[in-house]
Number of protein chains: 2
Amino acid sequence: MADGPGTQGHSGESLLYLTDEQLRQGIEAMFFAYRAFTADPDRILQGMHYGRAHHRAIHFINCAPGTTVNNLLSILGVTKQSLNRVLRALIEDGLVESRVGRADKRERHLFLTEEGAELERRLSDAQRARMRAAYRQVGPEAVAGFRKVLEAMMDPEMHRHYSGLREIRG
Amino acid sequence: MADGPGTQGHSGESLLYLTDEQLRQGIEAMFFAYRAFTADPDRILQGMHYGRAHHRAIHFINCAPGTTVNNLLSILGVTKQSLNRVLRALIEDGLVESRVGRADKRERHLFLTEEGAELERRLSDAQRARMRAAYRQVGPEAVAGFRKVLEAMMDPEMHRHYSGLREIRG
DNA sequence: ACTTTAAGTCAGCCTTGTTGACATTCCAAT
DNA sequence: ATTGGAATGTCAACAAGGCTGACTTAAAGT
């Protein structure tokens, strides 16, 4: 290991909670929790010919209605070919509407149809229910800490996207 | 939505922080943070012909040396065919050793070789570095909250595996 | 002896990511 | 007005890593 246990503190503060073992537990907690986090939507989507990629597209189109394909691309961090495959399916099935831009006609602005919004609700209801249960169980201070750590883990560019969505919704 | 904003409190407590908007922010934070969380190991593994699945196998074999294939299977939550493909590659490349069980000769006990342990260190150093930086930034109380929320989100069976690893390591 | 269990293997399929090449459309600058 | 670049779309091919189903082998258990 780069640091032996207990040797991480170049600063003078109390950093006893930063042992490799503590960090390892955090890593494992992320692994198991993320599985749980995606399990409910995955269950809903399996059978309809959609997957996690469709869920993500639907989520972020719902968040920022009228977003362009390019913007969605940079939020999701995938290639346009990957996104296009997913988007094409959603448009063909009438869950997403793609409108040619008024100012810039090269751009396509994406919106959920009523049917798309309905699926979005089903998916996010399930995901929020799990989140809500966890939040209730641990209380507001733990939730604040949870959010702080997640935000601190993001790369600056992701953090920009993350905060950007916040601003849109007010 | 199942609940309109502010209508989630069936209990009498102060649950103002449980608006759909707060929950949505938590969901997005999980999405972006998990991407960041896996980014460093992914970068290390790309080019060598391994991926995230190999990383997971290596991680948990390192955690619980001598674990059986069946045990690893239930921790990872994949099929034996999926795991086998990954394990076969790691064994062929000399990163993992598979020993026939002494008590029960049907079982194979898995260990990292020196080379395997070396890659494990490279991967977990990178992942721990990110985690450590985030932990330092937010302080011990936020970290405690982070862990509490993640644990509360897990399904009981995952939580069992998660705690189980804790017990092995003491 | 018979059944069950642990592990491994083969074949095939799906989703979702990747590259590379190429067409189209349109804006903007020369 | 033409040209260059940007945004989008599309085609093809490929790989990782999930999945199912079928089947073998060896060892345990009963």
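Labels below follow one simple rule: chain letters A, B, ... track the order of the sequence lines, proteins then strands, and each chain is numbered from 1.
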query: Nearest nucleotide by nearest heavy atom, which residue falls closer to the 5' end of DNA chain C, His54(A) or Arg102(A)?
result: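 Result of the comparison: His54(A).
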
Could you pull out every donor-acceptor pair under 3.5 Å between side chains of residues 81-90 of chain A and any protein atom, sequence neighbours left out?
none

- prompt: At what distance, to the nearest 0.5 angstrom, does CZ of Arg160(A) lie from CZ of Phe32(B)?
  reply: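 Atom-to-atom, Arg160(A):CZ and Phe32(B):CZ are 10.5 Å apart.
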
- prompt: Over how many whole Å does the gap from Arg85(B) atom CZ to dC13(C) atom P extend?
  reply: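 The distance from CZ of Arg85(B) to P of dC13(C) comes to 15 Å, rounded to the nearest Å.
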
query: Rounding to a whole Å, what distance do you find between Glu107(B):CD and dG8(C):C1'?
result: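 My rounded result for the distance is 15 Å.
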
Hey, are the side chains of [X] and [Y] touching, using non-hydrogen atoms and a 4.5 Å cut-off?
X: Arg121(B); Y: Glu118(B); answer: yes
X: Val96(A); Y: Thr113(A); answer: no
X: Thr68(B); Y: His109(B); answer: yes
X: Met131(A); Y: Gln25(B); answer: no

Near-strand residues of residues 61-72 of chain B, defined as heavy-atom separation under 4.0 angstrom from DNA chain C: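 DNA chain C contact set from residues 61-72 of chain B: Thr68(B), Val69(B), Asn70(B).
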
message: Counting the atoms with a prime plus P, OP1 and OP2 as sugar-phosphate, which does Arg52(B) contact under 4.0 Å by heavy atoms, base, sugar-phosphate, or nothing?
response: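 Sugar-phosphate only.
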
query: How would you label the contact of Arg88(B) with the nucleic acid (heavy atoms, under 4.0 Å): base, sugar-phosphate, or nothing?
result: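 Contact class for Arg88(B): sugar-phosphate only.
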
For residues 48-65 of chain A, which side-chain donor-acceptor pairs fall under 3.5 Å, sequence neighbours excluded?
| from | atom 1 | to | atom 2 | distance (Å) |
| --- | --- | --- | --- | --- |
| His49(A) | NE2 | Asp93(A) | OD2 | 3.1 |
| Tyr50(A) | OH | Asp93(A) | OD2 | 2.3 |
| Arg52(A) | NE | Asp42(A) | OD1 | 3.3 |
| Arg52(A) | NE | Asp42(A) | OD2 | 3.3 |
| Arg52(A) | NH2 | Thr38(A) | OG1 | 3.4 |
| Arg52(A) | NH2 | Asp42(A) | OD2 | 2.6 |
| His54(A) | ND1 | Gly51(A) | N | 2.9 |
| His59(A) | NE2 | Glu28(B) | OE2 | 2.9 |

query: Any idea how Tyr34(B) and Phe37(B) line up, ring-wise: parallel (<30°), tilted (30 to 60°), or perpendicular (>60°)?
result: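 The rings of Tyr34(B) and Phe37(B) sit tilted, inter-plane angle from 30° to 60°.
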
field: chain A footprint on DNA chain D, 5' to 3' - any atom under 4.0 Å from a heavy atom
entry: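 First-to-last contact on DNA chain D, by the 4.0 Å heavy-atom rule, is dG5(D) to dC11(D).
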
message: Within the supplied structure, the quantity of interest is the number of heavy atoms (other residues, nucleotides, ligands) at a distance under 6.0 Å from Glu141(B) CD; does it exceed 12?
response: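 Atom CD in Glu141(B) is not packed in, count stays at 12 or less.
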
message: Just to verify, which of Arg130(A), Arg35(A), Arg43(A) counts as forming a salt bridge (Lys or Arg N to Asp or Glu O under 4.0 Å) with Asp155(B)?
response: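 Running salt bridge (Lys or Arg N to Asp or Glu O under 4.0 Å) over Arg130(A), Arg35(A), Arg43(A) with Asp155(B) returns exactly one hit, Arg130(A).
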
query: When you check every protein heavy atom under 4.0 Å of nucleotides 19-26 of chain C, what one-letter string (B, S, -) results, 5' to 3'?
result: BBB---BB

Common cluster, Phe111(A)/Leu73(A), ILVMFWY with side-chain heavy-atom separation under 4.5 Å: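 They do not share one cluster, since no chain of ILVMFWY contacts under 4.5 Å joins Phe111(A) to Leu73(A).
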
message: Please give me every residue in residues 30-46 of chain A whose heavy atoms get under 4.0 Å of an atom in DNA chain D, ordered by residue number.
response: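 Contacting residues: none.
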
message: Looking at Arg128(B) and Glu120(B), is there a salt bridge between them, counting it only when a charged N and a carboxylate O are closer than 4.0 Å?
response: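 Looking at Arg128(B) together with Glu120(B), the answer is no, because their closest N to O distance does not fall below 4.0 Å.
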
field: Ion pair check, Asp20(A) and Arg132(B), cut-off under 4.0 Å
entry: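 Judged by the 4.0 Å cut-off on N to carboxylate O distance, Asp20(A) and Arg132(B) do form a salt bridge.
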
query: Which of these nucleotides, dA6(C), dT15(C), dG8(C), is closest to any side-chain atom of His49(A)?
result: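 Of all the options, the side chain of His49(A) is nearest to dT15(C).
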
